[in-house]
Structure formats: C-alpha cells, structure tokens
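These notes are about the structure you will find just below.
Keep in mind the model is a prediction, meaning the values are calculated, not measured. In listed order, ligands and their atoms are each counted from 1.
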Amino acid sequence: MSYLPPHDWKRRGKMVRKSDPIFKDARPTDCIIAVMGATGTGKSTFINRILGPESLVRDKPAVGHELKSCTSQLQPILLTPTTYPNLPREFDGRLIIVDTPGFDDTYEDDSEILRRISVWLAASYSDSMKLGGMIYMHEISQPRMSGTARANTEVFQKLCGSTSMSSVFLVTTKWDDVDVGQGSKREVQLAEKYWKDMIAGKAQQRRFMNDEKTGRAIISEILDLYMARIRGGQLTLQIQTELVNLQKIIPDTEAAKSLKHSLEDALKAQRQLAEDMKTNGDGGRYKEAQDQINKILGELRALKVSFPRRLLAALGGA
Ligand SMILES: Nc1nc2c(ncn2[C@@H]2O[C@H](COP(=O)(O)OP(=O)(O)OP(=O)(O)O)[C@@H](O)[C@H]2O)c(=O)[nH]1
Ligand SMILES: [Mg+2]
C-alpha cells in the first residue's frame, strides 16, 4: 500500500473530493459554514429549518428520532439563490452549510469524528474555499454540563483557535424542552463559566427556537460578518493552519491534544470506579467499567503518533 503523507493536502483533498461532490467544483468564492456539536443537539434539525419546507435542496440532512446517533459523515449542503432565496443580494458565491457528525456518537469514537471533520476542513482550505463561520450547538434542556459536554467544548475551541472566535456562534437548542427562566439561567452560566474564554474572544451566543426565523437570522449574521471580512482578510481555523500551513499530523494538533487530556481524565475516573466495584464485589458494574476502560484505551491508541509516522511526516513522507 503506498504511503500518503499526512500533510499532502493536494492528494488527500483529491481523496475527499472523490467521495464528496462539493469538491468537484470548488471555488475561491465558496463560503463554508460548519455546524458542530454533540450528537442529538439538533444540528441536522437546524439545517432543515433554515432550508424551509419548500426547499429545492434534494439531499436534506436526516434527523435522528432514536436514541442512537444519526449523521455519521460530513454532509455539505450547497445553497444558491435558487435553493436559498434568503442569500443577501451582494453575496455572489455559493453558500455551503456543512452538517457534521456529533461528538459522543453511538458508533464512532470522538477521535474518528475529529479526524473526519479535520480532514474535510483542511481539504476545503487547501482548495481555497473560504470559511464563513462556525456554529457550535448545545442543548439548553441539559440540566448539567456533563464531563463529555465540557470536553467537547474544549476540543471545538482548540479546533477553531482564539483568532477565529469572532466568527463562532454558540447556539443553544431545545428551548421548548425547558422553562425559559431556567434556560436563561443556564445560558448565563454557560457564558460565565464554560464558554467564558470563547465569549471573551468575541464568540456570540444565540438561541435557536427550532424555527426558520431564528435559524436564518444566525446564517444572515454570519454572512454579514463574512462579507465585511472579505476585504479585510480570510478566516482560518487553528486546525487548518496546523494541518495545511504547519504540516502537522492530526494527533499533534491542539484539538487532538485536548481530546487526549480529557480521555486520560476519563480513564483515571473509570479505573477508580472499577477498583471500587471490585472491592464491593459488584461483578456486573465492574465488567461495565472494564469495557469503558478498554474503549478509552483504544481511543488513546488512535491518538498516539508512532515514531516512524512522525519521522515520515517530518521528511515530507519520503
Ligand atoms: N423538542 C425539541 N426537539 C428537537 C429540537 N431540535 C432537535 N430536536 C430533536 O432532537 C433529535 C436529534 O436531532 P438531530 O437534528 O438529528 O440532531 P443532530 O445534532 O443532527 O444529531 P447527530 O446527527 O446524531 O449528531 C431529533 O429527534 C429532533 O427532532 C428542538 O428544538 N426541540
Ligand atoms: Mg445530524
């Protein structure tokens, strides 16, 4: 099998292109908005709402109605004035909204989700497509910020990097599942605690009320920022700079390092739990904890860089 250098984005981009028709005709005037967030937060629902029921877009993203995750591959949706009449008149490119598989997926490890998203973003950047903005979705109906939700936020933050925060929209969803007063309190808590750094970097917090109006308003805001920026300079995510310009390999990126740290923390907690279960003679839960430990160890292995791979990357894959 021939070795494909990790940072050879011309060739890697071609591979992504083969499986993704959007790249066949990539243009420097293409504007990308990526929608990210944990599984089930409502990313695909958001995209369907902004398209509207009359939309001429053929491949609308599927919405999950079971407990398991739904979107497993990145799905770019191409919008032109015909398929999305809401595009501002001055906007003369194509808008590409990318639905992404959520972290915390039922079937795939977070490391694999991160890899798919990173590869797509790097390929689009190396094809000169422009980034309009990033949307990160979070369920306001969640009573507590779980450890995984916190870790996902950190990975997202590292993927974007501090210089692109003013084009990040932190969007809360499922407002109909929560008392508005309660939701407002959680919103403040998110801003003051978990999203503090992103908001200090000028990320914007918005509510999506599961309708066309609030969804389209967020897209319009991003497009306004994008058009104001066209003359001032391009938006580049930290992961794009790391992979394409600095030629790092994915495990060496800040996003992957953040994921590694959270997995190491989870491993420590599971090992302690397994120890307690063993002491208490709780065989069933001990086995569950062991399974979790093995799963985390597998993910950590996927994020490890072997010395030969590191050397090959340094040598440009020679
Ligand atoms: N009550 C309520 N349910 C919602 C809302 N948005 C999405 N849902 C439901 O939440 C579930 C998951 O929605 P999806 O849009 O598939 O979520 P996703 O983020 O795309 O999930 P993955 O593809 O698995 O990453 C579906 O049953 C939706 O109908 C909302 O605002 N309110
Ligand atoms: Mg989805």
Side-chain angles (χ1 to χ4, degrees), residues 19-20 22 32-53 55 57-79 96-121 133-146 148-156 159-160 168-184 186-187 190 195 205-219 222 255 259 299:
S19 60
D20 194 336
I22 221 91
I32 294 165
I33 298 178
V35 185
M36 289 182 62
T39 188
T41 43
K43 300 177 291 298
S44 303
T45 302
F46 170 80
I47 297 176
N48 277 289
R49 289 280 180 269
I50 61 160
L51 294 177
S55 169
V57 169
R58 265 182 294 141
D59 297 321
K60 296 186 185 114
V63 170
H65 290 292
E66 293 169 49
L67 280 177
K68 52 189 199 259
S69 304
C70 184
T71 310
S72 61
Q73 298 292 338
L74 275 87
Q75 186 183 351
I77 318 284
L78 179 67
L79 299 178
I96 295 160
I97 304 206
V98 191
D99 193 7
T100 68
F103 290 123
D104 246 347
D105 191 277
T106 328
Y107 309 105
E108 300 287 358
D109 289 344
D110 283 351
S111 54
E112 175 55 20
I113 302 292
L114 176 65
R115 192 193 64 78
R116 286 181 195 170
I117 295 174
S118 304
V119 165
W120 200 95
L121 289 169
M134 299 291 283
I135 294 178
Y136 186 77
M137 305 220 125
H138 175 85
E139 282 172 327
I140 201 70
S141 49
Q142 253 187 35
R144 279 188 314 115
M145 188 80 166
S146 66
T148 34
R150 215 165 38 213
N152 293 341
T153 305
E154 280 165 21
V155 173
F156 173 77
L159 183 122
C160 295
V168 166
F169 280 67
L170 303 164
V171 176
T172 42
T173 60
K174 305 202 180 177
W175 280 89
D176 56 331
D177 275 353
V178 74
D179 165 74
V180 176
Q182 184 67 256
S184 306
R186 287 181 194 158
E187 205 173 31
L190 285 167
W195 293 348
Q205 220 173 349
R206 293 287 179 274
R207 293 181 186 184
F208 169 57
M209 307 308 280
N210 203 3
D211 60 5
E212 192 174 297
K213 185 166 165 246
T214 51
R216 289 189 172 188
I218 294 167
I219 299 297
I222 297 178
L259 181 57
E299 279 208 62

Going by the atom numbers of ligand 1, which of them fall below 4.0 Å from some non-hydrogen atom of Asn210?
5 (C), 30 (C), 31 (O), 32 (N)

Looking only at N/O atoms, are Thr41 and ligand 1 under 3.5 Å apart anywhere?
yes

Less than 3.5 Å between some nitrogen or oxygen of Asp176 and one of ligand 1, yes or no?
yes

Metal proximity, Ser44 vs the Mg ion (ligand 2), N/O/S cut-off 2.8 Å:
yes

Does Asp179 reach the main-chain N or O of Gly181 with its side chain, forming a donor-acceptor pair under 3.5 Å?
yes

Looking at residues at least two apart in the chain, or sitting in another chain, which of them share a side chain to side chain donor-acceptor pair (under 3.5 Å) with Asn210?
Arg49

For Glu187, which of Arg207, Gln182, His138 qualifies under side chain to side chain contact (heavy atoms under 4.5 Å, CB included)?
Arg207

Which is it for Leu170 and Leu190 under the side-chain contact (heavy atoms from CB on, under 4.5 Å) test, yes or no, and what are the steps along the way?
CA-CA 10 Å; Leu170 303 164; Leu190 285 167; over 6 Å; no

Met137 backbone acceptor or donor facing Lys43 side chain under 3.5 Å:
no

Salt bridge Glu112-Arg116, side-chain N to carboxylate O under 4.0 Å
yes

Can you sort out which atoms of ligand 1 are near Ser44, meaning under 4.0 Å from one of its heavy atoms?
15 (O), 20 (O)

Pick, from Thr39, Asp99, Ile47, the option with the minimum heavy-atom distance to atom 24 (O) of ligand 1.
Thr39

Are Val168 and Phe156 close enough, and set up right, to give a side-chain contact (heavy atoms from CB on, under 4.5 Å), and what steps lead you there?
CA-CA 10 Å; Val168 166; Phe156 173 77; 3.7 Å; yes

Relative to the heavy atoms of Asp177, which atoms of ligand 1 are at a distance of less than 4.0 Å?
1 (N)

Output the list of atoms in ligand 1 that are nearer than 4.0 Å to some heavy atom of Gly102, sorted by atom number.
25 (O)

Heavy-atom nearest option to atom 6 (N) of ligand 1, drawn from Val35, Thr45, Thr173
Thr45

